[in-house]
Amino acid sequence: MKKTVIANWKMCGTPDSSKAWAQEFTAQLSGTTAKSEIVVCPPFPLISILKEALGESPVKLGAQNCHIQPEGAYTGETSALLLNALGCEYVIVGHSERRAQCGESSDIVRQKATRAIKTGLIPVICIGETATQRENGKTLDIINQQIEESLPFEAAAGNFILAYEPVWAIGSGNLPTMDEITQVHRAIITNVSKRIALDITQVSVLYGGSVKPDNAGEIMALPEVSGVLVGGASLKAEEFYKIAASC
Ligand code: PGA
């Protein structure tokens, strides 16, 4: 199956830098047949700018968050409906930075994922354990609990993606071993496929956390890994291209 490679720019980028990124990335991409589904999630104000700069390229757009309600008096928030209208096809929900910094509970994450699905966006639902939880041998307990609480009731084949992002691996340069990634992904796939009666091949789980050009190939070669979610290394078009091309 086609792997999915998603760039999460977080709170980085400007109109000029995103235009330059798009120019460089599409130049690298042209002439090659993109084997993966490539998605870029910039900050909200850069979505339209990037869309125009990407032109006819096969690169898709996503956002990093959305609100649980369709629209209304929610100052400072952005609706899934608007993201859809701007050309987004994906939205990241429940990133660990939002869970930790904005107090987003798994229940809120579930409601955001539900709103995304109802609006025709594919939610990329992030789950993952902290360093302490890992040291205490709680990784699978935490993962299973987050699945139970964050997975929307509307989840069905092809309308959602999960991303396993160990919190301690994000931005740290530290990665789980390939065996550890395999074990956790297997546990996620088994849990989700049972929960919503899907075939295991229908459950997509991306890996995220310190993915770089020199480890992306090995990670994406794992059969249990459906692709990668990339933070820091997605900001440079050249690095992100190498990652996207490594599957
Ligand atoms: P990183 O971030 O690639 O910089 O570790 C990944 C993420 O937070 O999604």
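For ligands, and for the atoms within them, numbers begin at 1 and follow the listed sequence. Sequence positions, counted from 1, serve as the residue numbers for this chain.
Short contacts between ligand 1 and Gly232, defined as distances under 4.0 Å to a heavy atom of the residue, involve ligand atoms 1 (P), 3 (O), 4 (O). Annotation for ligand 1: atoms under 4.0 Å from non-hydrogen atoms of Gly209 are 5 (O). Close contacts between ligand 1 and Lys10 involve ligand atoms 2 (O), 7 (C), 8 (O) [criterion: under 4.0 Å to a heavy atom]. Against a heavy-atom cut-off of under 4.0 Å, Asn8 is close to the following atoms of ligand 1: 9 (O).
Of all heavy-atom pairs spanning Leu61 and Val39, the tightest one is C-CG1, 4.0 Å.
The N/O atoms of Ser210, backbone and side chain alike, include one that comes under 3.5 Å of an N/O atom in ligand 1. Geometrically, ligand 1 and His95 share a nitrogen or oxygen pair separated by less than 3.5 Å.
Using the six-membered ring where Trp is involved, His185 and Tyr207 have ring planes that are tilted, between 30° and 60° apart. Ring planes of Trp9 and Trp21: perpendicular class, angle over 60° (limits at 30 and 60°).
We find that Arg134 and Glu180 are joined by a salt bridge, their nearest charged nitrogen and carboxylate oxygen being less than 4.0 Å apart. Electrostatic pairing of Glu37 and Lys3 does not count as a salt bridge here, judged by no charged N lying under 4.0 Å from a carboxylate O.
Considering only non-hydrogen atoms, atom 5 (O) of ligand 1 lies nearest to Gly171 out of Pro166, Gly231, Gly171, Gly208.
With hydrogens left out, the protein atom closest to atom 7 (C) of ligand 1 is Glu165 OE2, 3.2 Å, a heavy atom.
Between Tyr164 and the options Thr139, Leu206, Leu229, Val225, a side chain to side chain contact (heavy atoms under 4.5 Å, CB included) holds for only Thr139.
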